[in-house]
Amino acid sequence: MSKKNEASLSRRQLLRRRFFRNKSAVFGLVCLMIVVFLAVFGPSLSPWSWNLSDENGLDFNAFTESPYGGGLTAPSFDDGHYFGTSQVGADVFAQTMRGLQKSLLIGLLVAVFSTSIAAIVGASAGYLMGKTDRALMWLVDLLLVLPSFLLLAILSKWYQSSGWLLLVVLLAIFNWMITARIVRSVSMSLRERDFIRAARYMGVPTRKIITKHLIPNMASLLIIDGTLNVGGAILSETGLSYLGFGVRAPDVSLGSLIAEGTASAITFPWLFMFSGGLLIITVLAVSLIGDGLRDAFDPGSRSGKKS
Amino acid sequence: MTSQAILQIKNLSISFPSESGMVQAVRNVSLDIYPGEVLGLVGESGSGKSVLSLSTIGLLPNSATVTGEVILNGRNLLELNDQEMSKHRGKDISMIFQDPLSALNPVQTIGHQIAEALLIHQDISYEQAFQRAGELLDEMRIPKPFERAKSYPHEFSGGMRQRVMIALAIANAPKIILADEPSTALDVTVQAQVLQLLKRASELTGAAVVLVTHDMGVVAGLADRIAIMYSGRIVEEGPIEQVFAKPGMPYTVGLIRSIPRIDAKQKRKLVSIAGSPPLPVDLPPGCAFAPRCPARQDICETKLPELESLSGEQRVACLRKDEIQNLIATGDLYSTEETSTIDQSKSGETILSVENLSKSFPVFKGAVLRRRIGSVHAVDDISFSLSEGRCLAIVGESGCGKTTTLLEIMNLVAPEKGRIVVFGKDVSEISKSERLALRKDLQIVFQDPFASLDPRMPIGEIIIEQLQVFKVPKVEQMARMQELLEIVGLDPAHANRFPAEFSGGQRQRIAIARALALNPKILILDEPVSALDVSVRAGVLNLLADLQKKLRISYLLVSHDLSVVQHVADFVAVMYLGSVVESGPVDTVFNHPRHPYTQALLSAVPIPDPVAEKTRERIILEGELPSPMNPPSGCRFHNRCHVRQTLAPKDQEHCATTRPVLLAQAGNLVACHHPIGQ
């Protein structure tokens with residue numbers, strides 16, 4: 001009976017088993033879960049709100065009692081300012097949690113979008129060759145020569161009025177081309193391999209060959225690319241926010257918080273320390289998970305082998 | 001042997017560190033090499049034969065831990081540093097590598113490379129050395145040697161490069177020539193030439209040759225003495241005739257009897273050695289072969305047998321060495337039954353026919369302005385047909401167009417020229433859905449099981465992939481997968497493992513199971529065993545034979561190995577440069593070849609029997625396969641043909657100008673103006 005069960009394990013179950021055997025990946029997953037938990041429930045843990053226009057947004061006590069004469073009280077648990085307050089008396093904890101929410105969403109979504117586009121476009125171009133290849137590569141080259149930062153800046157008026165989700169889409173659109181080119185060249189060499197040929201001769205439809213054979217065989221490449229993109233996306237959003245094109249006040253993201261905090265990083269470290277720390281933890285956790293996923297996908301790797 | 005050994009290997013052990021522990025590549029090996037002899041060092045991949053030969057020339061990687069002695073002229077070579085060793089390399093011991101292309105420097109001329117080797121050990125001028133290089137090339141029968149000495153390696157073909165390597169090896173008249181799989185990368189007809197030259201090299205210089213190989217046939221034809229390695233140890237050693245006639249170790253017995261023989265009168269089931277060689281890490285305390293041995297006793301697993309004398313100079317490492325001959329006589333060791341051959345008289349329907357198929361590939365030149373400078377006629381006007389339940393083999397050397405033919409059939413689209421008819425349907429006229437339906441009945445097993453299985457898919461899913469395409473219900477898929485794994489002799493519990501965890505033979509079984517998933521009527525086999533180790537080959541061949549009997553599948557087999565063809569096929573078509581030169585039933589074609597090329601091909605195949613191999617007459621073809629880009633005029637074989645040389649000038653001219661067509665000749669179809677036996 002047990003033998004039968006083992007035989008009928010699907011690939012997904014196998015992947016899960018191999019993934020959970022990897023300690024650092026599980027650690028990364030736990031970290032990410034804590035970060036996500038904070039992002040979701042963090043705001044409700046504090047009596048203060050991130051929104052300055054809200055009635056709980058500013059602490060006038062903190063503003064007047066501070067030894068520095070402004071806001072800027074140091075972190076303490078007594079008054080509910082776990083991460084301290086800012087120059088105007090806004091609660092840093094509440095702002096950081098809100099920023100984390102935004103940055104996580106932006107980072108993860110951009111990574112998923114851009115890597116998926118890269119995988120599909122690259123694999124289709126490389127596998128199908130001919131006209132499809134030429135058309136898709138023409139598009140890639142076109143997007144590559146467009147100055148993306150400038151375009152984002154110009155388009156910022158438009159996306160700021162229609163919400164941050166458009167920012168995600170735009171960031172993703174300008175981010176997938178180089179990966180797509182790499183994916184294309186890998187696909188071109190994979191398509192000549194016997195197992196792809198065998199699938200073709202078995203009558204497996206093209207769509208399935210791309211999704212079931214080509215993309216899994218590039219999984220490590222795509223996963224690494226995806227994890228790098230999470231960090232990259234959070235950082236480019238930071239850059240845009242810093243220049244005033246990304247997430248704009250009063251809304252906050254980790255990037256805009258760090259940008260604000262760096263000015264007084266040495267004197268009032270709590271202004272940027274927490275947002276910076278969370279950024280590092282997030283990116284690190286995502287890349288540990290990425291490593292674990294790659295090992296789980298790749299039967300040749302050592303860590304997931306004993307199945 | 002009465003003379004003094006020139007090289008003595010004493011208690012040599014070599015191990016390498018690896019991530020999973022120390023790899024014991026060679027374990028306590030002692031071996032003497034005598035002047036002028038040819039010693040065959042035989043073993044499967046991973047048996048330590050290459051490491052052993054590299055250790056004597058001091059080319060082991062630094063990470064290796066070596067204990068023991070290698071004594072040449074009273075000096076232990078293992079104690080020498082690299083600089084001191086260099087004085088011996090080339091002068092006393094020289095080496096011929098498997099791949100001559102990577103062994104030669106591509107940016108220097110052949111002559112320069114040989115001259116360089118001469119100048120290191122001899123006090124002569126460069127001009128003299130270059131002159132000598134030309135002479136050496138002449139000794140190796142390279143046409144126009146002094147002109148060719150100025151050529152670069154890429155201007156030579158594979159066989160020619162190997163001749164250059166042999167010339168390089170004998171340049172300084174060494175005492176020992178180590179030849180590591182010297183003919184494995186070459187075609188059969190070229191292999192025969194190179195082996196003959198190796199023998200000649202040994203006669204010219206009086207050097208001992210250590211022939212490292214996995215091919216028992218090659219050893220049988222060339223070697224005087226044989227040493228068989230298994231899992232880092234020599235398990236049997238002795239004069240070759242004695243070892244082949246009365247092997248004393250079950251592994252040797254299995255190895256000899258697992259090889260199909262081209263001169264076999266009756267088709268016997270091949271002996272298949274169960275399992276696969278052990279990993280060289282954490283070896284068991286007893287005999288390493290014990291888990292696979294049919295004569296195993298409990299003591300074999302704990303006591304390590306020493307290499308001891310059996311009779312005369314034959315030494316065997318087996319606890320039951322004295323009983324082995326009796327066991328063979330009583331049939332207790334690897335009993336083999338005759339295979340019941342399929343009833344030949346009942347001719348089935350023709351299910352696949354290829355008529356006048358041609359396929360050419362354009363050749364381009366120029367980086368910026370690409371222009372077509374010609375085409376390679378990979379397949380040129382061939383026809384054959386396959387009937388139900390039969391096995392048709394296409395044989396030929398590499399580049400003769402056999403694989404192109406298979407791929408043309410598998411593509412199921414209209415060919416460049418000619419017709420392909422599968423189950424009565426012309427593939428150029430079928431619709432997309434009909435083509436998909438045909439894929440159900442027509443499946444392929446590729447040559448290399450390491451490339452043909454998706455490394456990212458568990459084998460269970462690989463096997464049922466086609467069932468998913470044809471929307472078989474999920475429950476049936478699982479049942480069928482388990483059934484298929486059992487059919488090919490694998491444990492259904494391993495269905496969720498990845499291909500990387502299986503050995504080559506097991507992978508090929510998986511590939512066969514995948515091809516069988518929907519009960520195809522035709523199975524195309526592209527060199528199904530050539531990538532496998534000798535001892536597991538027999539298992540796969542037996543499996544294919546059983547399946548054919550059980551399921552009445554028709555096979556279209558492509559192979560360069562004629563003994564495999566002889567064992568498996570009913571009909572054979574011999575291809576040369578894109579066209580069929582002879583076809584007919586296997587027995588008639590192989591026993592009475594009519595075409596000179598078939599005859600030469602058959603005579604080039606080594607037979608794993610030293611007595612038969614050394615006495616039979618060989619036809620050694622001159623030259624190599626011409627480029628298919630501009631094939632010779634008239635009969636494509638005419639410039640290599642040994643029969644043509646005996647003809648009158650007028651007939652010779654006829655061969656060079658008029659292309660023969662396939663005509664019926666006593667049961668075979670032959671394309672020759674002067675078939676043999678007329």
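Because only heavy atoms are used, hydrogens play no part in the values below, and waters and symmetry mates are left out as well, while side chains stay in. Chain A is the first sequence line, chain B the second, and so forth, proteins listed ahead of strands; every chain is numbered from 1.
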- Based on non-hydrogen pairs under 4.5 Å, which of B:Leu436, B:Leu453, B:Leu442 is most in contact with chain A? B:Leu453
- Assert top hit (heavy-atom pairs under 4.5 Å, partner chain A, pool B:Leu407, B:Leu412, B:Leu518) equals B:Leu407
- Query: Looking at CZ of A:Arg17 and CG of B:Asn496, how far apart are the two atoms once the value is rounded to the nearest 0.5 Å?
  - Reply: 6.0 Å
- Where is the tightest heavy-atom contact between A:Asn217 and B:Pro455, given as atom of each residue plus distance? OD1-CG, 3.3 Å
- Message: Please find the pair of heavy atoms, one from B:Arg439 and one from A:Tyr201, that lie closest to each other, and give the distance.
- Response: CD-O, 2.9 Å
- Query: Restricting to pairs with a member in residues 443-452 of chain B, which pass side-chain hydrogen bond (donor to acceptor under 3.5 Å, both in side chains), not counting sequence neighbours?
  - Reply: B:Gln447-B:Ser530
- Query: Could you give the distance from CZ (B:Arg456) to CD1 (A:Ile215), rounded to the nearest 0.5 Å?
  - Reply: 12.5 Å
- Message: Does atom CD1 (A:Ile178) have a neighbourhood of more than 12 heavy atoms from anything else shown, all under 6.0 Å?
- Response: no
- Minimal non-hydrogen separation, A:Lys212 against B:Asp454, with atom names: O-OD2, 3.8 Å
- Task: Run the numbers on A:Phe195 and B:Met457 for side chain to side chain contact (heavy atoms under 4.5 Å, CB included), then give the verdict.
- Result: CA-CA 11 Å; A:Phe195 67 88; B:Met457 255 194 194; over 6 Å; no
- Query: Checking heavy atoms, do the side chain of B:Leu485, its backbone, both or neither come under 4.5 Å from chain A?
  - Reply: neither
- About how many Å separate CE of A:Met202 and CE of B:Met410, when rounded to the nearest 0.5 Å? 9.5 Å
- Query: Does B:Phe423 CZ have over 12 foreign heavy atoms under 6.0 Å away?
  - Reply: yes
